[in-house]
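Letters A, B, ... are given to chains in the order of the sequence lines, protein chains preceding strands, and every chain is numbered from 1.
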There are 2 protein chains.
Amino acid sequence: MTASAVKSRKEFGKTLAVDITHRLRQDIVACRLKPGEPLKFDALKLAFGASFTTLREALTSLTADGLVIAEEQRGFRVAPVTSDDLIDITQTRILIEIELLSRSITDGGDDWEIAVMSTLHRLGRIEERLPGNHVENPEWQIAHRQFHEALVSCGRSPTLLGIRASLFERAERYRNLSAMFRPQPRDKVGEHRAIMQAAIARDTALATSLIDRHIRSTSDNVVKYASHLLTES
Amino acid sequence: MTASAVKSRKEFGKTLAVDITHRLRQDIVACRLKPGEPLKFDALKLAFGASFTTLREALTSLTADGLVIAEEQRGFRVAPVTSDDLIDITQTRILIEIELLSRSITDGGDDWEIAVMSTLHRLGRIEERLPGNHVENPEWQIAHRQFHEALVSCGRSPTLLGIRASLFERAERYRNLSAMFRPQPRDKVGEHRAIMQAAIARDTALATSLIDRHIRSTSDNVVKYASHLLTES
DNA sequence: GCAGAAGATATTTTCGAAAATATGTCCTAT
DNA sequence: ATAGGACATATTTTCGAAAATATCTTCTGC
């Protein structure tokens with residue numbers, strides 16, 4: 001149990017339970033809490049400084065996100081990472097991301113174009129500043145997430161956007177897993193710019209095909225460099 | 001607060017919290033707990049015979065399903081029903097249901113065909129037995145859900161199937177809302193049979209187009225007969 | 001009469017202890 | 001030696017009280 005130490009209380013939400021949910025989520029996505037690891041209450045209490053009940057509520061939330069598995073009467077554990085799960089997430093993401101990107105290309109106005117361009121610009125600046133493997137850097141991760149969020153932000157459906165966000169997080173955990181073992185980062189800069197250009201040019205067919213390849217190749221990379229960490233199949 | 005009374009403990013799950021989650025879910029979907037209604041702990045304690053903590057865990061679960069809204073520091077309430085939400089759910093369902101049905105038509109074998117036919121047959125028998133408005137009948141609802149589940153059961157993606165199930169429930173709440181005011185049930189029998197036949201005939205284009213219309217017309221029916229209950233817009 | 005503070009009440013949120021359940025250990029009978 | 005049972009330990013799950021926060025009521029000063 002090498003969770004994030006007890007930090008300043010209530011960083012994220014108004015209630016402690018929401019706060020701890022976020023911190024636990026980050027620890028799981030960053031793989032500080034390892035896939036499959038049992039989440040015992042005694043240890044969590046020590047690490048997060050909260051009571052059984054509050055921790056239970058946080059774990060229940062994360063179960064809904066697919067990051068934690070609850071086994072009734074036998075406690076909780078971090079969701080394992082498997083090939084099947086990675087394939088499932090990847091295919092589902094492609095379906096939903098394409099739908100939302102198409103809608104955004106149709107409906108997005110000036111503000112959308114500006115958001116897409118500026119988030120990509122920020123991402124580029126961060127990549128210049130950080131040499132080598134920036135994928136593990138939290139600043140890069142936030143900027144990366146914000147770029148992809150901007151792309152689909154005019155998808156209009158709160159439900160679909162919520163699902164997308166949840167899947168993005170689950171995928172990010174796999175990315176973090178492979179980042180530990182990847183020798184050199186591939187040219188994501190170019191990929192991102194191409195997607196941006198196709199989107200701004202309102203070329204739906206090209207943009208969606210690029211997003212498809214982008215998501216797929218990210219997943220392939222995980223299989224390539226972290227397959228030894230995936231249990232089952 | 002006219003929730004289901006204190007029933008036999010642990011009907012659904014091993015733990016009390018899971019059990020209460022299911023019972024609360026049913027009460028919300030059936031509109032025994034009204035949209036927008038505040039869910040106060042004192043009242044819930046009385047109705048379900050559980051403690052603060054256990055109820056809190058149940059409500060947290062349902063928040064993830066979109067059936068309950070949590071307002072930090074100000075408690076929980078049943079998710080309101082709105083036009084925008086209905087449209088959102090409907091469009092998202094169409095996207096996902098079409099994808100899963102297509103996959104099932106491609107991948108489904110003998111077992112799938114048998115499941116589709118037999119669940120439809122059961123649904124028909126129930127409709128014969130129950131004259132008039134059977135939509136509110138729990139037996140019909142279960143059979144109806146099982147038919148639609150059978151149709152998409154070979155979609156292969158646990159994630160997508162989980163999302164689908166959650167959306168189906170949210171939609172069912174709207175159906176129950178309009179059922180209270182609908183004079184006569186429309187010919188769902190014929191619609192369901194047509195979908196079944198197209199699916200078994202492996203006619204993906206026809207089957208998906210029928211499902212699209214089926215979901216859309218269900219939603220239109222809600223707007224037609226229950227629009228006065230939808231807040232906003 | 002009314003805005004705003006101050007106090008009283010209602011409600012949610014959090015805690016640690018107690019109950020329920022699972023897991024591990026040791027002993028016995030075959 | 002080993003399967004099975006009984007006891008002991010570890011862990012989860014549930015509870016009701018206490019703390020924290022919000023909401024309502026009353027009072028004061030203008």
Side-chain angles (χ1 to χ4, degrees), chain A residues 1 3-25 28 33-34 36-64 67-80, chain B residues 1 3-25 28 33-34 36-64 67-80:
Chain A
M1 174 80 44
S4 69
V6 179
K7 285 193 261 180
S8 63
R9 235 175 102 130
K10 307 215 178 168
E11 202 168 331
F12 293 102
K14 271 188 174 179
T15 71
L16 183 58
V18 171
D19 189 49
I20 287 180
T21 304
H22 281 92
R23 282 163 53 194
L24 256 169
R25 192 201 309 276
I28 292 171
L33 292 170
K34 301 225 167 51
E37 179 175 349
L39 295 164
K40 303 245 183 86
F41 282 99
D42 285 339
L44 292 173
K45 253 177 96 164
L46 214 67
F48 291 92
S51 68
F52 295 109
T53 313
T54 307
L55 288 164
R56 190 154 237 283
E57 188 182 330
L59 291 170
T60 304
S61 287
L62 293 170
T63 299
L67 291 173
V68 164
I69 302 290
E71 283 161 309
E72 296 189 350
Q73 253 24 311
R74 301 185 348 105
F76 298 83
R77 63 192 168 87
V78 180
Chain B
M1 173 81 46
S4 69
V6 180
K7 285 194 262 181
S8 63
R9 232 176 104 131
K10 307 213 177 170
E11 204 167 330
F12 293 102
K14 270 187 174 179
T15 72
L16 183 58
V18 171
D19 189 49
I20 288 180
T21 304
H22 280 92
R23 281 163 53 196
L24 257 169
R25 193 201 309 276
I28 292 171
L33 292 169
K34 300 224 167 52
E37 180 176 348
L39 296 165
K40 302 245 182 86
F41 281 99
D42 285 340
L44 292 172
K45 253 177 97 165
L46 214 68
F48 290 92
S51 67
F52 295 109
T53 314
T54 307
L55 288 165
R56 189 154 238 282
E57 189 182 329
L59 290 170
T60 303
S61 287
L62 293 170
T63 299
L67 291 173
V68 165
I69 302 291
E71 284 162 308
E72 297 189 349
Q73 244 42 296
R74 303 185 349 105
F76 298 83
R77 63 193 168 87
V78 180

Distances for protein N/O vs nucleotides 9-12 of chain D N/O pairs under 3.5 angstrom?
residue : atom : partner  : partner atom : Å
dT12(D) : OP2  : Phe41(A) : N            : 3.2

Send over the distance from Lys45(A) NZ to dT13(D) C1', rounded to a whole Å.
-> 13 Å
Given dT14(D), dC15(C), dA22(C), which nucleotide is nearest the side-chain atoms of Thr54(A)?
-> dC15(C)
To the nearest 0.5 Å, how far apart are OG1 in Thr15(B) and CD in Gln73(A)?
-> 6.5 Å
Set of residues satisfying salt bridge (Lys or Arg N to Asp or Glu O under 4.0 Å) with respect to Arg25(A), sequence neighbours excluded | Asp65(A), Glu169(A)
For the pair made of CD in Glu57(A) and C1' in dT13(D), what is the distance, rounded to whole Å?
-> 15 Å
OP1 or OP2 of dC15(C) sitting under 4.0 Å from any side-chain N/O of Thr53(B)?
-> no
Interatomic distance where CG belongs to Leu55(B) and C1' belongs to dG16(D) [whole Å] = 13 Å
Ion pair present between Glu57(B) and Arg56(A), side-chain N to carboxylate O less than 4.0 angstrom?
-> yes
Under the side chain to side chain contact (heavy atoms under 4.5 Å, CB included) test, which residues partner Thr54(B), sequence neighbours left out?
-> Leu16(B), Ala17(B), Ile20(B), Ala50(B), Ser51(B)
Do the side chains of Phe52(A) and Lys45(A) get nearer than 4.5 Å, heavy atoms only?
-> yes
So do Leu55(A) and Phe76(A) actually touch side chain to side chain, heavy atoms under 4.5 Å?
-> no
Do Lys34(B) and Val78(B) have side-chain heavy atoms sitting under 4.5 Å apart?
-> no
Give the nucleotide from the list dA22(C), dT13(C), dT13(D) with an atom nearest to the side chain of Thr15(B).
-> dT13(D)
Glu72(B) side chain to Lys14(A) backbone, donor-acceptor under 3.5 Å | yes
Please write out the pairs of protein N or O atoms and N or O atoms of nucleotides 6-10 of chain C separated by less than 3.5 Å, giving the distance to one decimal.
none

